[in-house]
Amino acid sequence: MTPIASSFHIGSLLIDPPLLSAPMAGFTNLAYREILRRFGGVGLIATEMISARSFIYKEAHGEDAPSRLWGIADEPRPLSVQIWDNQPETLAYFAETLTRDYQPSVIDLNFGCPAPAIAKNSASGSYLLKTPEKVGAIVERVVRAAGKIPVTAKIRLGWTRGTINAIDAAQAIESAGGAALTVHGRTAQEMYSGKADWDAIAAIKPHLKRIPLIGNGDIKSAEQAAEIFRKFPVDGVMIGRAGLEKPWIFRQISQLLRGEELPTEPPLAKQRDLLLRHFDLLASQTGVEKAVILMRKYAACYSKGKRGARQFRTAVCTARNETEFRKIVQELFPIET
Ligand SMILES: Cc1cc2nc3c(=O)[nH]c(=O)nc-3n(C[C@H](O)[C@H](O)[C@H](O)COP(=O)(O)O)c2cc1C
């Protein structure tokens, strides 16, 4: 069978397969990234977004670096570190530090977060899409600071439906030296409602001269990812939430893209074991007590859509320690659909 999509480059970095895992605050920490690597199939793995200002503050006050930096110095590459702020100099300082002390494969700038704490209260993330010239100025400064490390940007379609300006932002990013553009096909105002608008993502492609376009939004299955590549002129796709429910989805898509048959889903008992393995990894990084709490949200993702998921979720939230957590998972993880 003929391959459906092939690799592409971000600067000189080969992205193969052309599948990227999305940055997700509170989720894409070191343990989750390790789970993704075990399954494989991800061309580029992303961290959570990290606040440049908070890094600088902690450094100035002699505090430990933000926990979102855990793992980054030593874990396998390729790895994209996402950073956010609205001040070019603040971002440039953090990018310089990352380049010197952590050497990620990619530094990604967040121009897409719509959360009020970031967009409204901090005039950052998707708020910056209101002023593409400011986006350009930030990219230009961070590209200079990052030296040989490629700098990419992640945007939404615009601030509101009435003010969609992703093409302006895309051109500003490319002209400023950005090395790739990821577009989530919603506006900031839409948050996560409605459907991602892939036609609007595709409309950006003719306006980019040099850099790859990565589309993002609502991909839930391997077939759907393959269909996106067939239908839309994107170089890569980024997947977020579906990767939390099925971390093996990237491997499935990569097989499908190579023209192989669609692999079956792992048996539910294996999915339950994975959840326990995920707990072990998280516990080794955060300590057991914290991991029991943090696993609530991952357990909800792993069980989503399965029969008995609600009962399982509710029970996981009552676990007070590791023993209780393991018992609940063993007894209540929905292994019948
Ligand atoms: C819980 C959560 C946290 C997120 N955190 C970030 C983030 O830190 N940086 C970012 O650029 N996007 C963030 N996003 C947006 C995702 O990267 C992605 O654009 C969005 O979920 C759409 O892709 P999907 O439909 O494949 O999930 C987050 C999304 C979710 C659901």
Side-chain angles (χ1 to χ4, degrees), residues 18-30 32-33 36 42 44-52 54-55 66-69 72 79-86 91 106-119 122 124-129 135 138 151-158 166 169 173 178 180-188 190-198 200-201 213-222 224-225 227-229 232 234 236-247 249-250 252-253 294 296-302 304-305:
L19 306 173
L20 295 87
S21 69
M24 285 182 287
F27 284 93
T28 54
N29 52 27
L30 178 60
Y32 177 69
R33 300 195 295 268
L36 285 182
V42 194
L44 184 61
I45 293 183
T47 64
E48 310 166 81
M49 61 178 182
I50 307 173
S51 161
S54 134
F55 173 84
S67 60
R68 288 185 179 183
L69 279 165
I72 293 174
L79 178 69
S80 169
V81 174
Q82 193 189 56
I83 64 177
W84 71 272
D85 197 80
N86 61 4
L91 286 160
V106 168
I107 293 176
D108 187 44
L109 290 164
N110 182 322
F111 300 117
C113 184
I118 311 293
S122 307
S124 300
S126 61
Y127 183 89
L128 292 163
L129 294 175
V135 167
I138 288 173
V151 175
T152 58
K154 181 163 178 280
I155 66 172
R156 286 189 171 224
L157 296 175
I173 289 160
L181 173 71
T182 302
V183 185
H184 176 190
R186 286 185 174 84
T187 64
E190 287 164 342
M191 302 289 278
Y192 290 90
S193 66
K195 279 194 193 143
D197 182 348
W198 280 83
I201 297 174
L213 175 65
I214 299 148
N216 167 241
D218 298 347
I219 295 179
K220 293 282 171 236
S221 69
Q224 205 188 344
E227 189 58 19
I228 292 274
F229 276 112
F232 298 104
V234 289
V237 300
M238 177 180 276
I239 296 174
R241 290 165 292 178
L244 297 173
E245 292 163 29
K246 303 189 272 191
I249 192 173
F250 296 95
Q252 288 184 327
I253 302 171
L294 289 174
R296 291 176 181 175
K297 54 189 178 184
Y298 292 101
C301 296
Y302 280 113
K304 197 165 174 201

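The residues of the chain are indexed from 1 along the displayed sequence. One-based numbering, in listed order, for ligands and for the atoms of each.
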Checklist entry - What residue and heavy atom of the protein are closest to atom 8 (O) of ligand 1, and at what distance? => result Met49 CG, 3.1 Å

Checklist entry - With a 4.5 Å heavy-atom cut-off, do Leu109 and Ile173 have their side chains touching? => result no

Checklist outcome for this item: Taken to the nearest 0.5 Å, the spacing of Ile118 CD1 from Met49 CE works out to 4.0 Å

Checklist entry - Which bit of His184 is near ligand 1, meaning a heavy atom under 4.0 Å away: side chain, backbone, both or neither? => result side chain

Item to check | Residues which pass ring pair (Phe, Tyr, Trp, His ring centres under 6.0 Å) with Phe250, listed by chain and number, not counting sequence neighbours | outcome: none

Checklist entry - Do Asp218 and Arg241 come within less than 4.5 Å of each other through their side chains, counting heavy atoms only? => result yes

Checklist entry - Can an N or O of Ile219 be found at a distance shorter than 3.5 Å from an N or O of ligand 1? => result no

Checklist entry - Is Ala25 in polar range of ligand 1, meaning some N or O pair under 3.5 Å apart? => result yes

Checklist entry - Nearest non-hydrogen atom to atom 16 (C) of ligand 1 belongs to which of Glu245, Arg241, Met238, Lys154? => result Lys154

Item to check | Contact atoms of ligand 1, heavy-atom distance to Ile239 under 4.0 Å | outcome: 26 (O)

Next on the checklist: Using a 4.0 Å cut-off to any heavy atom of Ala22, which atoms of ligand 1 qualify?
Outcome noted: 17 (O)

Next on the checklist: Are Ser193 and Arg186 packed together at the side-chain level, in the sense that at least one heavy-atom pair is separated by less than 4.5 angstrom?
Outcome noted: no

Checklist entry - Less than 3.5 Å between some nitrogen or oxygen of Gln82 and one of ligand 1, yes or no? => result yes

Checklist entry - Relative to ligand 1, is Asn216 under 4.0 angstrom through side chain, backbone, both or neither, heavy atoms considered? => result side chain

Next on the checklist: My understanding is that we take every heavy atom of each candidate and find the minimum distance to atom 17 (O) of ligand 1. Doing that for Ser21, Pro23, Gly240, which one comes out nearest?
Outcome noted: Pro23

Next on the checklist: Could you measure the distance from the CD1 atom of Ile214 to the CG atom of Leu19? Nearest 0.5 Å is fine.
Outcome noted: 10.5 Å

Checklist entry - For ligand 1, is Gly217 a contact, meaning one of its heavy atoms is under 4.0 Å away? => result yes

Checklist entry - Hey, is the main chain of Glu48 close enough, under 3.5 Å, to the side chain of Asn29 for a donor-acceptor pair? => result no

Checklist entry - Which ligand 1 atoms, with their elements, are less than 4.0 angstrom from a heavy-atom of Tyr192? => result 14 (N), 15 (C), 20 (C), 21 (O), 28 (C), 29 (C), 30 (C)

Item to check | Element-labelled atoms of ligand 1 that are located less than 4.0 Å from some non-hydrogen atom of Phe27 | outcome: 1 (C)

Item to check | Parallel, tilted or perpendicular: ring planes of Tyr298 versus Phe27, cut at 30 and 60 degrees | outcome: perpendicular

Next on the checklist: Check this for me: Phe55, atom CZ, are more than 12 non-hydrogen atoms of other residues, nucleotides or ligands nearer than 6.0 Å?
Outcome noted: yes

Item to check | N or O pair under 3.5 Å between Glu48 and ligand 1 | outcome: no

